[in-house]
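Data first, discussion second: the structure below is written as structure tokens.
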Amino acid sequence: MRYWLMKSEPSEVSIDDLESMKTVPWYGVRNYQARNFMRDQMRVGDMVFFYHSSCAEPGIAGLAEVCKLAYPDETQFEEGKYFDPKATRENPRWYNVDVKFSRKIPLISISELRRHPELSNMRILQKGNRLSITPVDPLEWDYIKSNLLR
DNA sequence: GCCAACGTTGGC
DNA sequence: GCCAACGTTGGC
């Protein structure tokens, strides 16, 4: 079982949206590295920190779980901002897993995360990091669960 | 709104 | 295959 951190803009899909929808396809990823994590490494049962990005209070807002293996992202075929003219049904370019709500937590802000030297290697805290899906080291996962999660 | 960092694109 | 230009991300 692996651990992940997945960024979502709350104006798009927030932890409250996930709670009310129960499960959500993680559509719209258009970065190859992030796609590869979903397509090649995520398994059902993997645990996820649900992270709010590009908002007033960025940080970990909840816990979720991978509940369906990667399959072609439907939005690449549809009109709209995620449409990809180079993608075909025979040759899809983008994939997504489904993610299931686990629980909401009191926000662990990015500034709070930065306060802990134990977490200083987390991808999310590195300067210039823009990757929307990153693996979380099991030690970092446990540290956050036992020290920062209420 | 700014801007640093980084990924992608496309001309050569 | 290089690399400049451009677009996007995301914290601040």
Side-chain angles (χ1 to χ4, degrees), chain A residues 2-21 23-42 46-66 70-137 139-145 147-150:
Chain A
R2 289 189 158 103
Y3 301 103
W4 305 94
L5 183 144
M6 299 174 85
K7 294 181 194 171
S8 181
E9 301 188 14
S11 58
E12 188 97 2
V13 180
S14 70
I15 188 70
D16 292 325
D17 296 330
L18 180 64
E19 178 168 24
S20 59
M21 290 187 284
T23 90
V24 87
W26 207 268
Y27 61 87
V29 168
R30 295 296 180 267
N31 169 283
Y32 291 105
Q33 227 184 323
R35 177 204 67 183
N36 293 347
F37 282 140
M38 281 199 283
R39 191 191 58 185
D40 305 334
Q41 296 197 36
M42 283 194 184
D46 283 4
M47 301 300 295
V48 175
F49 283 140
F50 190 102
Y51 182 93
H52 282 173
S53 69
S54 291
C55 58
E57 288 191 296
I60 300 172
L63 304 182
E65 190 180 324
V66 175
Y71 59 96
D73 179 342
E74 197 57 31
T75 62
Q76 71 193 299
F77 309 122
E78 298 167 346
E79 286 297 313
K81 72 169 174 170
Y82 296 120
F83 178 71
D84 184 343
K86 292 181 185 156
T88 61
R89 298 239 174 227
E90 297 69 39
N91 246 323
R93 183 184 281 208
W94 306 110
Y95 289 78
N96 64 259
V97 296
D98 283 0
V99 161
K100 157 175 96 174
F101 178 79
S102 175
R103 74 182 180 97
K104 193 177 171 178
I105 61 171
L107 188 88
I108 305 173
S109 69
I110 187 165
S111 56
E112 171 69 14
L113 293 170
R114 285 194 200 286
R115 239 171 259 139
H116 298 261
E118 292 86 349
L119 303 175
S120 60
N121 288 328
M122 287 186 79
R123 276 297 273 285
I124 194 83
L125 302 181
Q126 306 309 307
K127 188 170 185 180
N129 168 69
R130 299 184 315 178
L131 197 53
S132 66
I133 298 177
T134 51
V136 175
D137 185 288
L139 292 173
E140 292 164 347
W141 180 278
D142 288 341
Y143 182 85
I144 291 171
K145 281 209 89 168
N147 298 289
L148 300 178
L149 209 141
R150 282 168 297 280

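Residue numbering restarts at 1 for every chain, and letters A, B, ... go by the order of the sequence lines.
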Could you tell me whether the side chain of [X] and the main chain of [Y] form a donor-acceptor pair under 3.5 Å?
{"X": "A:S54", "Y": "A:E9", "value": "no"}
{"X": "A:Q76", "Y": "A:W94", "value": "yes"}
{"X": "A:Q126", "Y": "A:S120", "value": "yes"}

A:I144 vs A:L119 side-chain heavy atoms within contact, under 4.5 Å:
yes

Does the side chain of A:W4 come within less than 4.5 Å of A:M38's, by heavy atoms?
no

Scan nucleotides 1-7 of chain B nucleotide by nucleotide, 5' to 3', and note B when protein non-hydrogen atoms come under 4.0 Å of the base, S if they reach only the sugar-phosphate, - if neither.
---SBBS

Given atom [atom1] of [X] and atom [atom2] of [N], what is their separation to the nearest angstrom?
{"X": "A:R35", "N": "B:dT8", "atom1": "CZ", "atom2": "C1'", "value": "14 Å"}
{"X": "A:M122", "N": "C:dG11", "atom1": "CE", "atom2": "C1'", "value": "16 Å"}
{"X": "A:E12", "N": "C:dT8", "atom1": "CD", "atom2": "C1'", "value": "14 Å"}
{"X": "A:D84", "N": "B:dT8", "atom1": "CG", "atom2": "C1'", "value": "12 Å"}
{"X": "A:K86", "N": "B:dT8", "atom1": "NZ", "atom2": "C1'", "value": "9 Å"}

Can you list, in residue-number order, the parts of residues 107-116 of chain A that come under 4.0 Å of DNA chain C, counting heavy atoms only?
A:I110, A:R114

Taking side-chain hydrogen bond (donor to acceptor under 3.5 Å, both in side chains) as the cut-off, I'd like each qualifying pair that reaches into residues 99-109 of chain A, sequence neighbours left out, listed once.
A:D16-A:K104, A:S109-A:S111

Between A:E112 and A:R150, does a salt bridge (Lys or Arg N to Asp or Glu O under 4.0 Å) hold up when you go through it step by step?
CA-CA 13 Å; A:E112 171 69 14; A:R150 282 168 297 280; 5.9 Å; no

Checking side chain to side chain contact (heavy atoms under 4.5 Å, CB included) against A:I133, which of A:Q41, A:R35, A:M42 comes through?
A:M42

